[in-house]
Amino acid sequence: MRIGILTGGGDCPGLNAVLRAVVKKGLQCDIEVLGILNGWKGLLDGEAEPLSEVRVSGIIDRGGTLIGTSRTNPMKNPNGLQLCRQTWERFGLQGLIAVGGDDTLSVAAKFHEAGLPVVGVPKTIDNDIASTDFTFGFDTAVSIATEAIDRLHTTAESHQRIMVCEVMGRHAGWIATFAGLASGADCIIIPEFPMRMAKVAEIINERRKKGKSFSLVVIAEGAKPEFAADVIKQSMKLDEFGHVRLGGVGHLVAEEIERLTGIETRVTILGHVQRGGTPTAFDRILATRFGLAAIGLVLERQWGMMVALRGNEIVPVPLKEATATKKLVPREWFALAEVFFG
Ligand code: F6P
């Protein structure tokens with residue numbers, strides 16, 4: 001049997017661990033794996049690389065993706081599905097594993113509806129895919145953000161400053177909530193639970209009155225402050241899935257906090273540092289388990305399904321269900337964080 005695998009959307013630590021698991025397990029089950037280059041673009045353009053056992057050896061600890069990624073949306077092209085079908089037939093594929101976030105998996109769901117045999121593997125540092133408790137990449141991003149905030153802590157303390165740290169999270173504030181909790185932030189601002197700037201200033205002022213000499217504020221890039229008409233964008237250019245490039249809310253919020261408190265405030269925007277480099281052991285193992293389970297779905301011809309983590313089990317869920325909504329931070333998770341700044 002011959003299948004393809006592609007990685008789409010923003011890259012994420014753990015993608016190589018999935019490729020390694022799929023290829024190694026696949027070969028043991030007589031499945032040959034073709035790496036489709038640069039996400040859906042490779043299927044449109046007919047670009048692929050056969051993945052041998054040697055090619056995927058020694059990559060479990062490597063960030064990024066061996067076969068490249070892109071934000072190409074084949075559905076934007078009126079002939080996209082047809083072109084992909086042609087490549088599919090030319091490559092002699094009998095199935096495809098699509099590893100991606102919401103956008104990539106939504107395309108996979110459409111391919112399945114069109115009769116193409118596809119299974120999905122969820123990935124994103126944002127952890128916002130419905131139907132799975134966690135996505136790989138998230139733990140790495142949280143670890144990087146936590147370490148960064150710990151470092152901001154010592155310099156903030158030395159200068160008695162307020163430090164604002166902006167982390168990724170377009171629609172969901174999972175990274176901000178977890179990293180903020182883990183690093184003992186004074187305030188966490190996320191898209192799901194907007195906080196007024198006066199409230200942030202009040203929390204900081206109260207703590208300063210009690211003798212605290214530094215303050216840490218963590219904000220998700222997609223949080224919209226009440227003084228802004230919309231989320232803060234770096235660029236208005238839309239990608240093929242209709243997303244603008246976010247970034248910079250930390251600067252505006254820091255200015256406002258400094259104005260309201262009169263305390264010197266500095267900003268750090270972590271950006272792509274959160275997505276690069278070596279995955280944590282947790283992410284390597286989750287990605288490996290997802291890869292092995294995806295081969296299981298291929299063997300059982302469970303097309304149109306996505307592997308998901310539920311508790312400690314890996315289970316199949318319909319791609320359609322997983323891509324129908326986003327998994328936002330629920331009130332009970334945010335309430336945990338609020339214990340420390342509410
Ligand atoms: O993959 C999701 C994400 O991490 C978002 O949080 C962020 O807005 C986006 O990627 C940025 O990705 P890129 O710079 O690759 O477009």
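Remember, it's 1-based here, ligands and their atoms both numbered in the order they're listed.
Sorted by first then second residue, the ring-ring contact (aromatic ring centres under 6.0 Å, His included) pairs that include residues 197-233, not counting sequence neighbours, are His153-Phe214.
Residues passing the salt bridge (Lys or Arg N to Asp or Glu O under 4.0 Å) test with Arg331, sequence neighbours excluded: Glu338. Partners of Asp102 according to the side-chain hydrogen bond (donor to acceptor under 3.5 Å, both in side chains) rule, which considers only residues two or more places apart in sequence or in another chain, are Lys326.
Between Trp333 and Phe178, the two ring planes are tilted [angle within 30° to 60°].
Classification of Arg259 and Glu255 as a salt-bridged pair fails, no side-chain N sitting under 4.0 Å from a carboxylate O.
In this structure, the side chain of Asp186 engages the main chain of Leu216 through a donor-acceptor pair within 3.5 Å.
Enumerated by chain and number, the residues approaching ligand 1 to less than 4.0 Å through a heavy atom are Arg71, Ile125, Asp126, Met168, Gly169, Arg170, Glu221, His272, Arg275.
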